[in-house]
Amino acid sequence: MDETMLRVGNVGSEADLEAVRDALDEIGADYEHVDSEPNEDSYPQTAYFQIQSGLTEDADNILEKLSEERGLDAEIL
């Protein structure tokens, strides 16, 4: 399975992070939270997820909506 990296910046709380996970679940993505900067226990943070390459368009669309709602900065790398 080909994978790509998703970067989600300006994550302000655990609720924001959970909203990203819920959005990825909604599109049926198999994903892995691979890193957070500065770390997973502090906010705001930038979170990185690996997702299947075939879902990048779906992920981009759903995360654009989520970004507008929550002020996140999401992009496919």
Side-chain angles (χ1 to χ4, degrees):
M1 168 175 65
D2 289 334
E3 295 181 334
T4 192
M5 191 68 66
L6 167 66
R7 183 192 68 78
V8 184
N10 203 31
V11 176
S13 66
E14 180 62 35
D16 285 344
L17 202 52
E18 190 61 33
V20 172
R21 290 182 185 118
D22 289 346
L24 293 173
D25 287 340
E26 186 176 321
I27 63 169
D30 288 329
Y31 62 88
E32 180 181 354
H33 182 187
V34 294
D35 195 16
S36 289
E37 296 174 348
N39 63 54
E40 291 184 32
D41 297 328
S42 66
Y43 297 95
Q45 66 176 248
T46 299
Y48 295 88
F49 295 85
Q50 272 190 328
I51 63 170
Q52 305 104 302
S53 294
L55 292 175
T56 55
E57 186 174 328
D58 292 337
D60 195 39
N61 291 336
I62 199 163
L63 288 169
E64 182 178 335
K65 179 182 173 196
L66 189 61
S67 292
E68 291 172 7
E69 292 172 0
R70 293 187 166 265
L72 303 175
D73 178 24
E75 68 176 332
I76 304 293
L77 302 177

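These values consider heavy atoms only, across backbone and side chains, with no hydrogens, waters or symmetry-generated copies.
- Shortest non-hydrogen contact noted between T46 and G9 is OG1-CA, 3.8 Å.
- Listed by chain and residue number, E37, Y48 satisfy the side-chain contact (heavy atoms from CB on, under 4.5 Å) test with D35 (two or more places apart in sequence, or in another chain).
- The side-chain contact (heavy atoms from CB on, under 4.5 Å) check on D41 picks up N39, with sequence neighbours excluded.
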Decide yes or no on side chain to side chain contact (heavy atoms under 4.5 Å, CB included) for V34 and F49, but give the supporting numbers first.
CA-CA 5 Å; V34 294; F49 295 85; 6.0 Å; no

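- Shown here are the side chain to side chain donor-acceptor pair (under 3.5 Å) partners of N10, two or more places apart in sequence or in another chain: there are none.
- Contact record, Q45 with S36: OE1-OG, 2.8 Å, taken as the closest heavy-atom pair.
- With hydrogens and angles disregarded, no donor-acceptor distance shorter than 3.5 Å links the side chain of Q52 to the backbone of D2.
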Run the side-chain donor-acceptor check on residues 59-70: report pairs under 3.5 Å with partners two or more places apart or on a different chain.
residue : atom : partner : partner atom : Å
N61     : ND2  : E57     : O            : 3.3
S67     : OG   : L63     : O            : 2.8
S67     : OG   : L72     : O            : 3.3
R70     : NH1  : D16     : OD1          : 2.6

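- Here T56 pairs with nothing under the side chain to side chain donor-acceptor pair (under 3.5 Å) rule; sequence neighbours left out.
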Tabulate below the donor-acceptor pairs under 3.5 Å that side-chain atoms of residues 20-28 make, not counting sequence neighbours, or state none.
residue : atom : partner : partner atom : Å
R21     : NH1  : E14     : OE2          : 3.1
R21     : NH1  : E18     : OE1          : 3.4
D25     : OD1  : Y31     : OH           : 3.4

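- Put simply, the side chain of I51 does not reach to within 4.5 Å of the side chain of E3, judged on heavy atoms.
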Can E75 and L6 be said to form a side chain to side chain contact (heavy atoms under 4.5 Å, CB included), step by step?
CA-CA 6 Å; E75 68 176 332; L6 167 66; over 6 Å; no

